[in-house]
Amino acid sequence: MEHGLIPGEELVGGIDLFSTIESGQTYCWRREDGRTYESTERGGWYTTVVDGEVLRVRQVEAGLEWEATTDPVDRLTYLLRLDDDLDAILAATPEDPLIGEAYRTHRGLRLVRDPPFRCLISFICSAQMQVPRIHRMQVALSETFGEAVAVDGETYHAFPTPERLARASEEELRELSLGYRAPYVKATAEMVAAGEAHPEEALGLGYEAARESLTRFVGVGEKVADCVLLFSLGYLQAVPLDTWIRSAIEEHYPECDRGNYRETSRAIRERFGGEYAGYAQTYLFHHLRTGAATA
DNA sequence: CCGTACCCTAGTTT
DNA sequence: AAAACTAGGGTAC
């Protein structure tokens, strides 16, 4: 594999690789030590397979060190949004004690751009599920149905194609602990494999129309649709209303609770400054989930 | 728009 | 100690 470095000074606003990858927004990466996002231990290599290419990245003092089968700089920049100007984005959020604390505590956390189908499946799996178990499901899916890629004596697994997941039986998927999500994953994979629908078709639509369009996939409601928009399709204004954010709204922004998803979503999006509201959501989610919040 | 069923696992309570 | 109970990043019907 080739290797190289992306200097830290090129990343405006910095980078916190641990927070970026293990904050529950992406399930595409695997830790060197095999842990599945359940520890608070930082450091080490993260590996993924995208378009048949293996890429590995870790945070070092000088920046991001990488190893890959082809030069991964453009790909890493895309996947980890290394071209986002974090200083400008954070500055665009209205003053707020809780958000401010989250920004200061986890400075360098970036949103991601996961491959759309993979993102869609991982968030269908996320329903009523905790982060480490969602990650374990994605690892199981890759190892069971994903193509193996051998590099330097190591074997890596790509994420399965829509066609392969469509061919899997519901029973096989249940064996991977997907539970009631198994038929959702299969049905959605069938829709994509058949060319009936693709998550990328949401691109180009206005935000709310895009969210609506994603809900045609089986197992995808408004919350999961918002996750795909934010973590894959670049709709940075999306604010997925999960239980953590809902309880934060109840406690800190009660005036934004409008009783239903659509209106509450509009209100909190406005409260978080609109264009980059999804950044505030992701920092806040990570901040609450790690138990670091005091504000 | 509202209520309920749905898998599964780890952690807590009887 | 074994068995209930509970909750965890929702969605379909």
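In what follows, chains carry the letters A, B, and so on, assigned in the order in which the sequence lines appear, proteins first and then strands, with residues in each chain numbered from 1.
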Salt bridge (Lys or Arg N to Asp or Glu O under 4.0 Å) partners for A:Glu270, two or more places apart: none

Sugar-phosphate only, base, or nothing, as touched by A:Ser23 at under 4.0 Å among non-hydrogen atoms: base

A:Phe117 ring center near A:Phe217 ring center (under 6.0 Å): no

Nearest-0.5 Å distance that lies between atom OG in A:Ser177 and atom CZ in A:Arg133: 6.0 Å

Between C1' of C:dA7 and CZ of A:Arg289, the distance in whole Å: 15 Å

Pairwise P distance, B:dT9 and C:dA1 [rounded to whole Å]: 23 Å

A:Thr215 side-chain N/O to C:dT11 phosphate OP1/OP2 under 4.0 Å: no

Pair of N/O donor and acceptor under 3.5 Å linking B:dC7 base with A:Arg174 side chain: no

Whole-Å distance separating the CG atom of A:Asp226 from the P atom of C:dG10: 13 Å

d(CG, A:Leu173; P, B:dC8) in whole Å: 12 Å

Stepwise salt bridge (Lys or Arg N to Asp or Glu O under 4.0 Å) test for A:Arg113 and A:Asp83: CA-CA 12 Å; A:Arg113 272 189 278 241; A:Asp83 47 350; 3.2 Å; yes

A:Arg181 CZ to C:dA12 P, straight-line distance once rounded to whole Å: 13 Å

P gap between B:dG3 and C:dG9, integer Å: 23 Å

No-H, no-angle donor-acceptor pair, A:Tyr180 side chain to C:dG10 base, under 3.5 Å: yes

Nearest-nucleotide pick for A:Cys227, side chain only, options being C:dG8, B:dC1, C:dG9: C:dG9

Output field: ring centroids A:Phe123/A:Tyr27 closer than 6.0 Å: yes

Residue A:Glu163 excluded, over 12 heavy atoms near CD under 6.0 Å: yes

Between P of C:dT6 and CD of A:Gln128, the distance in whole Å: 15 Å

Selection from B:dC8, C:dG8, C:dG10 that lies nearest to any side-chain heavy atom of A:Gln130: C:dG8

Sugar-phosphate, base or nothing in reach of A:Glu170, heavy atoms under 4.0 Å: nothing

Span that lies between the C1' atom of C:dG8 and that of B:dC2, in whole angstrom: 23 Å

Most 5' of A:Phe217 and A:Trp244 on DNA chain C, judged by nearest nucleotide: A:Trp244

Separation of the P atoms in C:dT6 and B:dT4, to the nearest angstrom: 16 Å

Results of salt bridge (Lys or Arg N to Asp or Glu O under 4.0 Å) for A:Glu32 - residues two or more places apart only: A:Arg56

Pairing pattern in dot-bracket form [Watson-Crick, G-U; both distances under 3.5 Å; | = partner strand] for DNA chain C: .|||||||.||||

Sugar-phosphate, base or nothing in reach of A:Val131, heavy atoms under 4.0 Å: base

Length of the line joining A:Phe285:CZ and C:dG8:P, which is rounded to integer Å: 12 Å

Between P of C:dG9 and CZ of A:Arg133, the distance in whole Å: 11 Å

Passing option when A:Ser265 is tested against A:Glu208, A:Glu222, A:Arg211 for side-chain hydrogen bond (donor to acceptor under 3.5 Å, both in side chains): A:Arg211

A:Tyr184 OH to C:dA12 P, straight-line distance once rounded to whole Å: 6 Å

Selection from B:dT9, C:dG9, C:dA12 that lies nearest to any side-chain heavy atom of A:Ser177: B:dT9

